[in-house]
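Below: one structure, written as structure tokens.
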Amino acid sequence: MDILIAIVYVILFIILMVFVFSIGMLKPFMPKKEIALVLVVAFLIGSIGGAFFLEPLYEEVPAFVGELEKNVPGNEETLYLDLSSATDVGELEQNLSKIDGFKSFNETGVTFFLWSFNDKELAYFNSVIGNIDSHYADYTVEPSGRINITLEPGYTSSSALQSFSDWYKLVYGDSIAYAQIHAKLVVSSASLGEFEDALLERGIVATHIEGPTQKVVNQTNQSMISDNEFILVSGVVGVMVSVVGIYFDAVVVSYRKFKKFLNKKVKR
């Protein structure tokens, strides 16, 4: 949110509180039973002001805290990407590496989606996957037909896709229509937004982000109260301001008496 808009929203809420305060100061001119009505009106005005003017600012708190954390020197963020096998991973890495703040890009694994396996097929794939390519660091085979393969560091997804496709065609006489490539991108926290924009231009959104910025954003989100609770708190603030207005004259009189008392003691 633009800083100017934020300032305007805060000023508008303050104006509402001044209005609530003024209503409270009318206590000497209204019956005692009307004070309850004043408090109800103050709560409603506070709640409405909180919903329209403060809540939009409150929702921006995690993003604001994240922006502060981004600018801490040395902070890095790790973006986990799930890419289509049609993606030119080499070209993607080359373009990302040209952006300031680039640290590293690694292809970590591939996932194939086949048919649902029966027990015999599940056992077969579990026994054979590890022998297809020695650069498969690890793998899991799920009954749904999902095969997840973790790659050795430095081994490319294109090579892993090729070896698996060659084996599959040899055994089943068919081609693999689709696979998913997993990659890990490490960038400077200060440049996170630029990398997210560059990926979005290609239709890529990180499935998960880890790092100090994301951590502080998550912690802030977890510590924040809900929107409805925030609106109720705003209403309570309105009531408190109204109460100050109701008893303002009494407080001023008491303050003046106390000040006069202190002055007398000093003169003695």
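The first residue in the sequence is number 1, and the count goes up from there.
Under the 3.5 Å distance criterion, the side-chain polar atoms of Ser242 are left unmatched by any main-chain donor or acceptor of Gly238. Between the side chain of Tyr139 and the backbone N or O of Asn126 there is at least one donor-acceptor pair closer than 3.5 Å. Remark: side-chain polar atoms of Ser189 are paired, donor with acceptor, to backbone N or O of Glu76 under 3.5 angstrom. A donor-acceptor distance shorter than 3.5 angstrom exists from the side chain of Tyr58 to the backbone of Ile225, with no hydrogens or angles considered. At distances below 3.5 Å, at least one donor-acceptor pair connects side-chain atoms of Ser97 with backbone N or O atoms of Glu93. Remark: side-chain polar atoms of Ser85 are paired, donor with acceptor, to backbone N or O of Ala179 under 3.5 angstrom. A side-chain donor-acceptor contact under 3.5 Å links Glu121 to the backbone of Asn118. With Ser84 contributing its side chain and Ala86 its backbone, the two residues share a donor-acceptor pair below 3.5 Å. Judged by distance alone, the side chain of Asn75 and the main-chain N or O of Glu69 form a donor-acceptor pair under 3.5 Å.
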>> Let's go through Ile181 and Leu81 carefully: what are the C-alpha distance in whole Å and the side-chain angles of both, what is the deciding distance for side-chain contact (heavy atoms from CB on, under 4.5 Å) to 0.1 Å, and is it a yes or a no?
In response: CA-CA 8 Å; Ile181 300 169; Leu81 311 176; over 6 Å; no
>> For Ile7 and Ile3: C-alpha separation, side-chain torsions, deciding distance, then whether side-chain contact (heavy atoms from CB on, under 4.5 Å) applies.
In response: CA-CA 6 Å; Ile7 293 173; Ile3 184 66; 4.2 Å; yes
> What's the verdict on side-chain contact (heavy atoms from CB on, under 4.5 Å) for Arg202 and Leu92, showing C-alpha distance, side-chain angles and the deciding distance?
Replying inline: CA-CA 9 Å; Arg202 296 167 175 267; Leu92 174 64; 3.5 Å; yes
>> Between Val41 and Val20, does the side-chain contact (heavy atoms from CB on, under 4.5 Å) criterion hold? Intermediate values first, please.
In response: CA-CA 8 Å; Val41 171; Val20 168; over 6 Å; no
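Below 30°, between 30° and 60°, or above 60°: for Tyr172 and Trp115 the angle between ring planes is above 60°, a perpendicular geometry. Taking the six-membered ring for Trp and thresholds of 30 and 60 degrees, Trp167 and Phe125 have ring planes more than 60 degrees apart, a perpendicular arrangement.
Side chains of Leu16 and Phe53 form a contact here, defined as non-hydrogen atoms less than 4.5 Å apart. By the 4.5 Å heavy-atom criterion applied to side chains, Phe164 and Ile147 are counted as neighbours. At least one side-chain heavy atom of Ile209 sits under 4.5 Å from a side-chain heavy atom of Glu196. Residues Val217 and Val65 have side chains not in contact (no heavy-atom distance under 4.5 Å, counting atoms from C-beta outward). Looking at heavy atoms from C-beta onward, Thr78 lies out of side-chain contact with Val187 at the 4.5 angstrom threshold. Side chains of Thr150 and Tyr136 form no contact here, defined as non-hydrogen atoms less than 4.5 Å apart. Looking at heavy atoms from C-beta onward, Met17 lies in side-chain contact with Val237 at the 4.5 angstrom threshold.
Listed by chain and number, the hydrophobic cluster partners of Leu200 are Val205, where partners are ILVMFWY side chains within reach of under 4.5 Å, directly or through others.
Side chain to side chain, Asp133 and Ser163 meet the donor-acceptor criterion of an N or O pair below 3.5 Å. Between Glu67 and Asn71, the side chains place no donor N or O within less than 3.5 Å of an acceptor N or O (distance only, hydrogens not considered). At a cut-off of 3.5 Å, with distance as the only test, no side-chain donor of Tyr80 or Thr108 sits close to an acceptor on the other residue. No side-chain donor-acceptor contact under 3.5 Å links Gln222 and Asn218.
When each of Leu161, Val141, Ile129 is tested with Phe112 by the rule side-chain contact (heavy atoms from CB on, under 4.5 Å), just one qualifies, namely Leu161. Partner of Thr111 under the side-chain hydrogen bond (donor to acceptor under 3.5 Å, both in side chains) criterion, chosen from Asp82, Thr140, Asn148: Asn148. The only member of Ser158, Ser159, Ser157 that meets side-chain hydrogen bond (donor to acceptor under 3.5 Å, both in side chains) when paired with Glu107 is Ser157.
Rounded to the nearest 0.5 Å, atoms CG (Leu232) and OG (Ser226) are 8.0 Å apart. The CG atom of Leu199 sits 12.0 Å away from the CD atom of Glu194 when rounded to the nearest 0.5 Å. Distance check: Phe195 CZ to Phe102 CZ gives 7.0 Å after rounding to the nearest 0.5 Å. To the nearest 0.5 Å, atoms CD1 (Ile204) and OG1 (Thr207) are separated by 11.5 Å. Summarising the geometry, atom CD1 belonging to Ile35 is positioned 13.5 Å from atom CD1 belonging to Ile23; distances are rounded to the nearest 0.5 Å. Atoms CD and CG, from Gln94 and Asp88 in turn, are 9.0 Å apart once rounded to the nearest 0.5 Å.
There is no path of hydrophobic side-chain contacts, each under 4.5 Å, that joins Phe113 to Leu122. Hydrophobic clustering, with ILVMFWY side chains joined whenever heavy atoms are under 4.5 angstrom apart, groups Tyr168 together with Ile132. In this structure, Val186 is not a member of the same hydrophobic cluster as Phe105, with clusters built from ILVMFWY side-chain heavy atoms closer than 4.5 Å. Criterion: ILVMFWY side-chain heavy atoms under 4.5 Å apart, direct or through other members. Under it, Val10 and Ile45 are part of a common hydrophobic cluster. Under the 4.5 Å side-chain contact rule for hydrophobic residues, Phe64 and Val216 do not share a cluster.
Taking 4.0 Å as the cut-off between side-chain N and carboxylate O, Lys184 and Glu210 do not count as a salt-bridged pair.
The number of heavy-atom neighbours closer than 6.0 Å to CG of Asp100, taken from other residues, nucleotides and ligands shown, is 12 or below.
Scanning both residues, Ser234 and Gly46, for their nearest heavy atoms gives CB-O, 3.3 Å. Minimum interatomic distance between Pro62 and Met224 (heavy atoms only, all atoms of both residues): CG-SD, 3.4 Å. Considering every non-hydrogen atom in both Thr213 and Gly66, the closest pair reads CG2-O, 3.5 Å. Of all heavy-atom pairs spanning Glu142 and Phe117, the tightest one is O-CD1, 3.5 Å.
Considering only residues two or more places apart in sequence or on other chains, Ala51 meets the side-chain contact (heavy atoms from CB on, under 4.5 Å) condition with Glu55, Ile231.
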